[in-house]
Protein chains: 2
Amino acid sequence: MPPLTYIFKALADPTRRKILHLLRTKDLTAGQIAANFTITPASISHHLTILKQADLVVDERRGQNIVYSLNTTVFQDALVWLLQFTDAGDKAPHEEENAHD
Amino acid sequence: MPPLTYIFKALADPTRRKILHLLRTKDLTAGQIAANFTITPASISHHLTILKQADLVVDERRGQNIVYSLNTTVFQDALVWLLQFTDAGDKAPHEEENAHD
DNA sequence: TAGACATTTAGACAACTTTCTAATCATAGT
DNA sequence: ACTATGATTAGAAAGTTGTCTAAATGTCTA
């Protein structure tokens, strides 16, 4: 599966987008994230797995907790792909031959 | 369903991304698009429906053919959403209070 | 080492996706 | 009006997703 597929699949769910939004200002534990939703912690855990798979977040165990944080670099991959469809288009003429999907 | 969900869902498939890529340089008929794939025209038609639903493409009948073209403005919605996760962040301080998802 | 807390994993289920074949709709040309 | 061509729609099969409950794992503290 192409990486962009994982990324866009991960972004294609409102719950997961809300999780990312929560992590935007500061890192949070799984429990803190779950506290913002009505679905079960197990379901949130599943969503976190999908976000990890897409490499949009990373996790680190900190004692009893698992702390999640954004991996901002991956958002740029999606951004770059989208850019080719805007009026800006493929800007750099030296940027060579189909790095595109 | 939030519009971003439609957009990212539509982008989360390699076939559909390839269709968008084909349309990047010029408008194409359903048949011309289908010629680039091994799956059936019926399946391509289905993918085109999903792209239309997300408003990423528009269609127009031209005699016997149906011509598809990109709707570049929608790509920007996705782009703007992604931008808030890059180092650039929410740039404008006067851009107010949660237009976010 | 036992108990409590935080989180994940396993297994089940309904809903949705992707693909196909076959049938239908729309237009053009004879 | 008939037929050929371009494209979509309908319905079915196989796979994937999002959610749940219940069980398991990992870590801290007594």
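Small disclaimer: the values here were computed from a predicted structure and weren't measured. Each chain gets a letter, A, B and so on, in the order the sequences are listed, and its residues count up from 1.
Judged by closest nucleotide on DNA chain D, A:I50 is the one of A:G63 and A:I50 placed further toward the 5' end.
The side chain to side chain donor-acceptor pair (under 3.5 Å) search around A:H46 returns none, not counting sequence neighbours. B:S45 meets the side chain to side chain donor-acceptor pair (under 3.5 Å) test with no other residue; sequence neighbours excluded. For B:D59, the salt bridge (Lys or Arg N to Asp or Glu O under 4.0 Å) partners at least two apart in sequence or on another chain are B:K52. Taking the side chain to side chain donor-acceptor pair (under 3.5 Å) definition, one finds that B:T40 meets it with B:S43, sequence neighbours left out. Taking the side chain to side chain donor-acceptor pair (under 3.5 Å) definition, one finds that A:T49 meets it with nothing, sequence neighbours left out. Taking B:L28 as the reference, B:L22, B:L23, B:K26, B:Q32, B:I33 meet the side-chain contact (heavy atoms from CB on, under 4.5 Å) condition, with sequence neighbours excluded.
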Classify every nucleotide of nucleotides 5-16 of chain C by which part a protein heavy atom approaches to under 4.0 Å, writing B for the base, S for the sugar-phosphate alone and - for neither, in 5'-to-3' order.
BSSBB-------
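The side chain of B:R16 contributes an N or O atom lying less than 4.0 Å from OP1 or OP2 of C:dT18.
Evaluation of the salt bridge (Lys or Arg N to Asp or Glu O under 4.0 Å) test over residues 64-84 of chain A, restricted to residues two or more places apart or in two chains, returns none.
Taking 4.0 Å as the cutoff to heavy atoms of chain B, we find the contact window on DNA chain D bounded by D:dT5 to D:dT9.
For the pair B:D13 CG and C:dT17 C1', the computed distance is 9 Å after rounding to whole Å.
Between A:I19 and A:F37 the shortest side-chain heavy-atom distance falls below 4.5 Å.
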